[in-house]
2 protein chains.
Amino acid sequence: MSPRRVTLADVAKIAGVSRTTASLVLSGRGRELRISQDVEQRVLKAADELQYRPNIVSVGLRTGTTRTIAFVSDTVATSRLAGDMIKGALEAARERGVMLFIGETEGDPELERLLLHAMHDRQVDGIILASMFTRTIRVPKGMAAIPAVLLNALPKQPSILPAVVPDEVEAGRTAVRVLLEAGHRDGIYLIGVGLGARDMPPESVAAVERLRGIREALGEAGIKPAGGRSCPDWQPEYGLDATRALLETTRPRALICFNDRLALGAYQALDDFGLKVPEDVSVISFDDHPIAAWMRPKLTTVALPHYELGRRAVDVLFEEIGRDKADPHPEGAVHRVPMPVRERQSVTPPGA
Amino acid sequence: MSPRRVTLADVAKIAGVSRTTASLVLSGRGRELRISQDVEQRVLKAADELQYRPNIVSVGLRTGTTRTIAFVSDTVATSRLAGDMIKGALEAARERGVMLFIGETEGDPELERLLLHAMHDRQVDGIILASMFTRTIRVPKGMAAIPAVLLNALPKQPSILPAVVPDEVEAGRTAVRVLLEAGHRDGIYLIGVGLGARDMPPESVAAVERLRGIREALGEAGIKPAGGRSCPDWQPEYGLDATRALLETTRPRALICFNDRLALGAYQALDDFGLKVPEDVSVISFDDHPIAAWMRPKLTTVALPHYELGRRAVDVLFEEIGRDKADPHPEGAVHRVPMPVRERQSVTPPGA
DNA sequence: TCGCATTGCTAATCCGATTTAGCAAACCTG
DNA sequence: CAGGTTTGCTAAATCGGATTAGCAATGCGA
């Protein structure tokens, strides 16, 4: 027997004015439309006493704006890593008084279609299309009908949609900089990608861009990577295999692992060969996966800024929403979010 | 310049009928209201051609039902563990064609109030109030206005709200059963809670109930735990300390760690003392935290069924929604979800 | 052939707000 | 003091559906 919600009509009746007047006052347009102080006060008082809150569904129907955005991802909501992305989006949304719908497509285009329809049907003000790991995606058609942003993804074909992605190239440079600053110049090996252009997952933006950053930064210091080992998948066991294979032929001074799981395998291989991190071999990695802080010694790694990515996506989305439709806007801009390094214990000067 | 959405009026016009008729046909009530086959076909055809989809905002305003539920948690969305809870809820919701709002209160009652208001304002059909770890919570007032379910939480005061929680008592029994089946009877120690009633976080449902299950199951086998060490917090370092302290005085045959992080510390302490898992000491734990599968040897643990919890919460919520208001319903039922054991490599027969 | 029931459909209202158009009273102005 | 402005507020339309009440045409029995 829930008491009926208080409506604008109730407020108007108590205040002894019309619904129009009440609406005007409560939307702050009372002044500009010359509502008297007296009436204004009465309406405000009534609204306060009745604890009036506008029904957003109704407002949505009338104005078309629901103060609601959609966060549609392949599977982001469930992975711890990327859960932070949601958190960032959530907080940025809350600051704007906006609610967040979430949906997971599980990579299924049909599901994605249904989900986007469902969001449309609910008149969301905007859509964030997120990917669990950075990659290029085919933008579903019909995305142009509503403001939208790609998160952790780049459009496969040119698109007007803006994108928010981690700055992987700069991350590669950062990893190198950390090693350089520690004094490393020789015996720097890569685990995860080979030095040839082959053997690199082309869909993986991370692989390509991290490598580019690494090459550039090393090049600027007049250095080349001493070698690299590709891995079929960036999982610990492959990191283990690749590092073992490497250690059978040489003694590296530093390892740049392309992600933390590879680093976990690398640690193990180094241990098998009786090599200590970081005294014998420094290790730097990417992602800042939770295990990085569990590892011993704690892993120095260039972090994927998930939280910040989520926030930025919302910021950019609201720029889109606020943009004048007529505004001639360039093709979807790519916003790159810096990847901060988490300096821990796995890098030390060579021979320290 | 997005083309205006197709409305029911458009369909009606194309089909050459009134909006009423179109509505009747499309809501499946055409038959019962004697709409002719001919007209029915015309409406269906028009709707199909125009790709008509009803505007849920409008339906929401008229009927009061938005096919939308809220998932409000303290911080569940961001922790990997509990992210699975969302996933479960998400999938169960999708199967019903329902969308999920998410919100995080960060444990702030004021934020929680605002969030619940915002959900009300959007006319959600129901609310799931979730906690990141199992505990008792004070049910915010105003929760009775809308169907709601407590997830991973029990009401501090008696409440009409149903609750969905993991079956921790049974989990305790399960842990014991695994050890018993492996042949353990002696030297079973507890890491995380002492044997006395003191030193146990009383808010932690897990601690109390797991211990109860353990005691019961051991008791039924005529056994008592050989000892136990409480920890100020269930973190690896305390698990390490507690286990070290234990090992200084005795040699356990099996450890029941109250969660996986404690087990991580215990592993380390055992290693420090030159004891091997599981040959020298079997270890069983709770939670199935991601690290459990990373540990070596892989940790046998009784899993928190996050995914299933999320699903159940939605199921129970829809029972609430479907329940006739007049239906005299008992006080909020507590639904206990079984905690399955993940048998891995850390338990073996004693002396194996 | 009149009266009543049935068939098949539609007009009008409602949900709860916003917004447009407009009205009555007070106020100027020449 | 007629005619135009300004002031201060409200009636009515609108958003897109669901729902209630009702109407015209046909069928049927007497």
Side-chain angles (χ1 to χ4, degrees), chain A residues 2-44 46-47 50-68 120-125, chain B residues 2-44 46-47 50-68 120-125:
Chain A
S2 52
R4 195 180 50 79
R5 230 186 121 89
V6 174
T7 72
L8 187 60
D10 299 326
V11 174
K13 185 187 285 180
I14 296 288
V17 299
S18 69
R19 273 153 54 220
T20 308
T21 305
S23 171
L24 257 23
V25 169
L26 292 175
S27 64
R29 308 207 304 140
R31 281 293 149 68
E32 114 197 36
L33 281 170
R34 314 175 298 244
I35 301 294
S36 68
Q37 298 273 335
D38 172 48
V39 167
E40 180 171 25
Q41 287 310 312
R42 272 174 18 229
V43 171
L44 257 22
L50 295 176
Q51 300 226 56
Y52 168 73
R53 297 180 58 90
N55 180 329
I56 295 196
V57 175
S58 170
V59 175
L61 179 57
R62 178 66 232 247
T63 68
T65 167
T66 50
R67 308 203 62 70
T68 295
H120 268 106
D121 296 346
R122 285 166 178 78
Q123 305 235 109
V124 295
D125 295 336
Chain B
S2 53
R4 195 182 49 79
R5 232 186 117 90
V6 174
T7 72
L8 186 62
D10 299 325
V11 174
K13 186 188 284 180
I14 297 288
V17 299
S18 71
R19 273 156 55 223
T20 306
T21 305
S23 173
L24 257 24
V25 170
L26 293 174
S27 63
R29 308 209 302 140
R31 282 292 149 70
E32 113 196 40
L33 282 170
R34 315 176 297 246
I35 301 294
S36 67
Q37 297 274 336
D38 173 48
V39 167
E40 179 172 27
Q41 287 310 314
R42 278 185 0 240
V43 171
L44 257 22
L50 295 176
Q51 302 226 53
Y52 168 73
R53 298 180 57 89
N55 180 331
I56 295 196
V57 175
S58 168
V59 175
L61 180 56
R62 178 65 230 249
T63 68
T65 166
T66 51
R67 307 201 64 68
T68 295
H120 268 106
D121 296 347
R122 285 168 179 78
Q123 306 232 112
V124 296
D125 296 336

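Protein chains get the first letters and strands the later ones, always in sequence-line order, with residue 1 at the start of each.
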Inset, instruction - Report yes or no: is there a donor-acceptor pair, N or O only, under 3.5 Å between the side chain of B:Arg5 and the base of D:dG16? - result: no

Legend entry - Pairwise 5' ranking along DNA chain C for B:Thr20 and B:Ser58, keeping only the more 5' one: B:Thr20

Legend entry - side-chain hydrogen bond (donor to acceptor under 3.5 Å, both in side chains): pairs with one or both residues in residues 35-44 of chain A, sequence neighbours excluded: A:Arg31-A:Glu40, A:Asp38-A:Arg42

Legend entry - Nearest-Å distance for atom pair CG/P, residues B:Leu26 and C:dC9: 14 Å

Inset, instruction - With the side chain counted from C-beta on, respond yes when A:Pro54 and B:Asp121 share a heavy-atom pair under 4.5 Å apart, and no when they do not. - result: no

Inset, instruction - Would you mind reading off the distance between A:Arg122 atom CZ and D:dC15 atom P, rounded to a whole angstrom? - result: 22 Å

Legend entry - Nearest-neighbour nucleotide for the A:Ser18 side chain, D:dA11, D:dG8, D:dG17 considered: D:dA11

Inset, instruction - Would you confirm whether A:Thr21, through its side chain, and A:Val17, through its main-chain N or O, come within 3.5 Å as a donor-acceptor pair? - result: no

Legend entry - 5'-most by nearest nucleotide on DNA chain C - A:Thr63 or B:Arg42: B:Arg42

Legend entry - Interatomic distance where CD1 belongs to A:Ile35 and C1' belongs to D:dT6 [whole Å]: 14 Å

Inset, instruction - Let me know the distance between CD of A:Gln123 and P of D:dG17, rounded to the nearest Å. - result: 9 Å

Legend entry - Which nucleotide in C:dG8, D:dT10, D:dT20 has an atom nearest any side-chain atom of A:Thr21: D:dT10

Legend entry - Residue whose closest nucleotide on DNA chain D lies nearer the 5' end, A:Asp38 versus A:Arg19: A:Asp38

Inset, instruction - Could you please name the option among D:dA11, C:dT13, D:dT20 that lies closest to any side-chain atom of B:Arg62? - result: C:dT13

Inset, instruction - Taking only the side-chain heavy atoms of A:Asn55 (C-beta and beyond), determine which of C:dA17, C:dG8, D:dT19 contains the nearest atom. - result: C:dA17

Legend entry - Whole-Å gap separating P (C:dT10) and CG (B:Leu33): 13 Å

Legend entry - Minimum-distance nucleotide to A:Val59 side chain [options: C:dA17, D:dG17, C:dT7]: C:dA17

Inset, instruction - Select base, sugar-phosphate, or nothing to describe what B:Val57 touches, counting heavy atoms under 4.0 Å on all strands. - result: nothing

Legend entry - Sidechain-backbone polar pair: A:Ser23 side chain, A:Arg19 backbone, donor-acceptor under 3.5 Å: no

Legend entry - Nearest to side-chain heavy atoms of A:Leu61, which nucleotide of D:dG16, D:dA11, D:dA18: D:dG16

Inset, instruction - Tell me, yes or no, whether the heavy-atom count around B:Gln51 atom CD, taken from other residues, nucleotides or ligands under 6.0 Å, exceeds 12. - result: no

Legend entry - B:Thr68 backbone acceptor or donor facing A:Arg122 side chain under 3.5 Å: no

Inset, instruction - May I ask you to evaluate whether A:Ser36 reaches the phosphate of D:dC9, defined as a side-chain N or O under 4.0 Å from OP1 or OP2? - result: yes

Inset, instruction - Take the protein atom CZ of A:Arg29 and the nucleotide atom P of C:dT18, then report the distance between them rounded to whole Å. - result: 9 Å

Inset, instruction - Round to the nearest Å and state the distance from A:Arg31 atom CZ to D:dT7 atom C1'. - result: 15 Å

Legend entry - Nearest-Å distance for atom pair CD1/P, residues A:Ile56 and D:dC15: 21 Å

Legend entry - Short side-chain N/O contact to D:dG17 OP1/OP2 from B:Tyr52, under 4.0 Å: yes

Legend entry - Side chain of A:Ser23 (C-beta onward), nearest among C:dT10, C:dT18, D:dA18: C:dT18

